[in-house]
K.L.:
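Pasting a structure here, questions to come.
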2 protein chains.
Amino acid sequence: MFTILLADDEERIRRLVSDFLRRDGYVVLQAADGGQAMELIDQRLNSIDLIILDVMMPVYDGWSVLRHIRSKNKDVPVMMLTARTEDTDEVFGFDLGADDYITKPFSPIVLSARVRAIEKRRHQHDEGIYQSGALSINEVRREVCVEGKTVELTPKEYELLIYFKNNQSIAASRENILNAVWGYDYFGDLRTVDTHVKKLRAKLGPCGTMIETVRGFGYRFEGAKT
Amino acid sequence: MFTILLADDEERIRRLVSDFLRRDGYVVLQAADGGQAMELIDQRLNSIDLIILDVMMPVYDGWSVLRHIRSKNKDVPVMMLTARTEDTDEVFGFDLGADDYITKPFSPIVLSARVRAIEKRRHQHDEGIYQSGALSINEVRREVCVEGKTVELTPKEYELLIYFKNNQSIAASRENILNAVWGYDYFGDLRTVDTHVKKLRAKLGPCGTMIETVRGFGYRFEGAKT
DNA sequence: AATTATGTGAACACAGTGTGACAGATTTGC
DNA sequence: GCAAATCTGTCACACTGTGTTCACATAATT
């Protein structure tokens with residue numbers, strides 16, 4: 001989920017832009033002036049992924065809101081909207097830590113492209129994190145989350161999950177799995193795999209169904225259909 | 001066969017490019033505007049292997065067509081043609097899922113090189129997938145689809161189908177089949193094969209007729225006539 | 001029409017899988 | 001270093017799915 005805070009005093013623009021962004025799958029919070037923007041930022045800055053600020057707003061202008069955000073030492077990306085004037089504005093904005101800058105009037109297409117660019121930049125920053133549906137695996141932190149909540153896995157369960165993640169959509173026989181996870185020199189019961197799969201499924205809760213049984217063969221891990 | 005849909009409003013470019021591609025052995029469908037492109041895509045997206053879209057087109061522009069394609073959740077490769085402008089366009093295109101990007105004016109040689117690159121990428125991706133008519137067998141996933149819908153096969157049914165696939169157009173006696181699928185040391189009733197063939201035919205639905213009876217001998221699997 | 005080959009459905013034994021319990025191995029906390 | 005807690009691998013049981021055979025129906029061949 002990618003949440004965007006949109007602050008602009010023109011209702012027409014808010015509606016146009018938010019409709020467009022929603023159609024692209026983003027969640028959009030709206031603020032009609034700098035005051036409302038400040039409030040929303042104070043309340044839920046941690047769950048906001050991008051902030052779009054109009055420069056000219058009642059109560060507090062965009063620069064003030066931007067300054068407020070940066071004073072909180074949060075590096076959430078901020079995009080500024082401003083009427084076409086001299087470039088000084090632009091320089092000013094970048095100095096305060098704006099990430100992008102769009103002059104009014106703009107086409108929603110361009111805006112949405114810039115938003116995507118920022119989202120992408122952010123996601124490649126998340127390198128090493130696997131995500132599929134409600135399941136996310138952070139291999140650096142060695143942490144697995146389902147629906148945002150951390151799930152405690154034992155070492156074997158974790159390694160098994162990593163194996164599945166690295167072999168998505170591939171039917172894996174019990175032998176394949178045993179060789180890969182337990183090592184090629186391990187000669188144990190094939191059904192050990194079953195037991196661990198069972199436990200893993202249980203711990204993954206709603207994501208447990210991502211491990212499919214291929215009857216008479218083994219298992220197959222399926223990333224969420226998007 | 002590799003089919004390319006080429007959408008560009010300039011007739012001169014269409015002819016130049018399609019001549020060039022045809023000489024390389026590709027089949028080229030042409031669309032003179034975004035509307036025609038949309039129509040062709042709706043009608044026969046499944047038989048198209050690559051789409052080349054001009055960005056500036058009447059009716060619908062290239063981005064809209066691209067969005068339409070992706071909304072169908074098809075990962076057919078798309079190549080965008082655009083006049084040299086700002087990079088934002090490019091970012092936009094890649095975000096929407098364009099696979100390649102060529103700025104006008106371009107040389108047909110370059111275009112055809114890029115097309116070959118995409119074709120290559122695609123084909124190594126298709127490795128291990130058998131397709132014939134409405135039947136497709138993904139041996140990596142150990143999954144069989146008929147008319148796009150997954151068909152659940154038991155292990156024996158699956159192995160039998162794989163045997164048939166590997167022995168297309170060859171009359172196979174029941175003994176051949178029994179030896180190959182059940183193993184040379186299996187001594188069961190020859191008619192067991194019949195039962196499995198019957199079940200397999202039923203599960204394959206419209207593709208069941210691909211398994212032909214060779215009376216007095218055995219069976220023969222026939223891939224779809226193209 | 002008689003004969004032979006194949007299609008079809010039912011019955012039954014058995015193999016594959018999910019599941020919980022348990023004992024030994026390993027790790028953790030003190 | 002010791003006890004407690006946790007993890008791991010195996011097993012047994014229940015249940016469902018699968019393979020095989022058989023008997024009979026239907027179709028093809030003579």
Side-chain angles (χ1 to χ4, degrees), chain A residues 142-144 150-164 171-222, chain B residues 142-144 150-164 171-222:
Chain A
R142 211 165 207 274
E143 190 179 64
V144 175
T150 304
V151 174
E152 296 291 345
L153 296 184
T154 70
K156 270 281 178 296
E157 287 160 2
Y158 179 78
E159 285 165 37
L160 181 59
L161 180 59
I162 296 299
Y163 172 82
F164 277 134
S173 70
R174 291 180 174 71
E175 288 193 37
N176 290 156
I177 297 172
L178 223 47
N179 282 334
V181 178
W182 274 260
Y184 60 89
D185 56 350
Y186 175 86
F187 299 99
D189 195 330
L190 286 175
R191 302 237 22 227
T192 296
V193 177
D194 295 35
T195 304
H196 283 273
V197 165
K198 185 232 164 196
K199 288 186 174 176
L200 187 53
R201 277 177 173 159
K203 287 199 182 176
L204 293 183
C207 294
T209 54
M210 292 168 77
I211 305 173
E212 300 172 355
T213 302
V214 184
R215 198 161 214 288
F217 189 78
Y219 297 93
R220 181 178 53 212
F221 183 75
E222 210 56 71
Chain B
R142 207 167 213 268
E143 190 179 63
V144 175
T150 305
V151 174
E152 296 290 347
L153 296 184
T154 70
K156 271 282 179 296
E157 287 160 3
Y158 179 79
E159 286 163 35
L160 181 59
L161 179 60
I162 296 298
Y163 171 82
F164 277 134
S173 71
R174 290 180 176 70
E175 286 194 39
N176 290 155
I177 296 172
L178 224 46
N179 281 334
V181 178
W182 274 259
Y184 60 89
D185 56 350
Y186 175 85
F187 300 99
D189 194 330
L190 285 175
R191 303 239 19 230
T192 295
V193 177
D194 295 35
T195 303
H196 282 277
V197 166
K198 184 234 164 195
K199 289 185 174 174
L200 188 53
R201 278 175 173 160
K203 287 198 182 176
L204 293 183
C207 294
T209 54
M210 292 168 78
I211 304 172
E212 299 170 357
T213 302
V214 183
R215 207 180 156 75
F217 188 77
Y219 298 93
R220 182 181 49 213
F221 183 76
E222 219 45 80

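If you're wondering where the values come from, they're calculated on a predicted model, not measured in any experiment. Lettering of chains follows the sequences in order, A, B, ..., and the numbering in each one begins at 1.
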K.L.:
Under 4.0 Å between a side-chain N or O of B:T192 and OP1 or OP2 of D:dT20?
P.N.:
no

K.L.:
Using a distance-only test with no angle check, is there a side-chain donor-acceptor pair under 3.5 angstrom linking A:R201 and A:T213?
P.N.:
yes

K.L.:
How do A:R191 and A:K199 order along DNA chain D: which one's closest nucleotide is nearer the 5' end?
P.N.:
A:K199

K.L.:
Choosing from D:dT8, C:dG7, D:dC22, which nucleotide comes nearest the side chain of A:T154?
P.N.:
D:dT8

K.L.:
What is the distance, rounded to the nearest whole Å, between atom CZ of A:R220 and atom P of C:dT17?
P.N.:
13 Å

K.L.:
Could you check how far CZ of B:R215 sits from P of D:dT29, rounded to whole Å?
P.N.:
6 Å

K.L.:
A:D194 has an atom CG; how far is it from atom P of C:dG20, in whole Å?
P.N.:
14 Å

K.L.:
Exactly one of B:D189, B:T195, B:D194 should register a side-chain hydrogen bond (donor to acceptor under 3.5 Å, both in side chains) with B:R191. Which one does?
P.N.:
B:D194

K.L.:
Rounded to whole angstrom units, what separation is found between the CZ atom of A:R201 and the C1' atom of C:dG18?
P.N.:
8 Å

K.L.:
Please give, in whole Å, the distance from C:dG16 P to B:L153 CG?
P.N.:
17 Å

K.L.:
Under 4.0 Å between a side-chain N or O of B:R174 and OP1 or OP2 of C:dT6?
P.N.:
yes

K.L.:
Once you apply a heavy-atom cut-off of 4.0 Å, does B:Y186 come out as touching a base, just sugar-phosphate, or nothing?
P.N.:
sugar-phosphate

K.L.:
Indicate whether OP1 or OP2 belonging to C:dT6 is found under 4.0 Å from a side-chain N or O atom of B:K198.
P.N.:
no

K.L.:
Touch check for A:V214, heavy atoms < 4.0 angstrom, all strands: base, sugar-phosphate only, or nothing?
P.N.:
sugar-phosphate

K.L.:
Check the distance between C:dG9's P and B:H196's NE2 and give it to me in whole angstrom.
P.N.:
16 Å

K.L.:
Whole Å only: how far is the CD atom of B:E159 from the C1' atom of D:dT20?
P.N.:
15 Å

K.L.:
From CD of B:E212 over to C1' of C:dG7, roughly how many Å is that when rounded to an integer?
P.N.:
16 Å

K.L.:
When rounded to the nearest 0.5 angstrom, what is the spacing between OH in A:Y219 and CD in A:E212?
P.N.:
12.5 Å

K.L.:
So, is A:Y219 near the phosphate of C:dG18, with a side-chain N or O under 4.0 Å from OP1 or OP2?
P.N.:
yes

K.L.:
Do B:S173 and B:N176 pair up side chain to side chain, a donor and an acceptor below 3.5 Å, judged on atom types alone?
P.N.:
yes

K.L.:
For a quick test of reading the model: is some side-chain N or O of A:T195 closer than 4.0 Å to OP1 or OP2 of D:dG9?
P.N.:
no

K.L.:
State plainly whether the residues A:E157 and A:K199 are in salt-bridge range, i.e. N to O under 4.0 Å.
P.N.:
no

K.L.:
Would you tell me if any nitrogen or oxygen in the side chain of B:W182 comes within less than 4.0 Å of OP1 or OP2 on D:dG19?
P.N.:
no

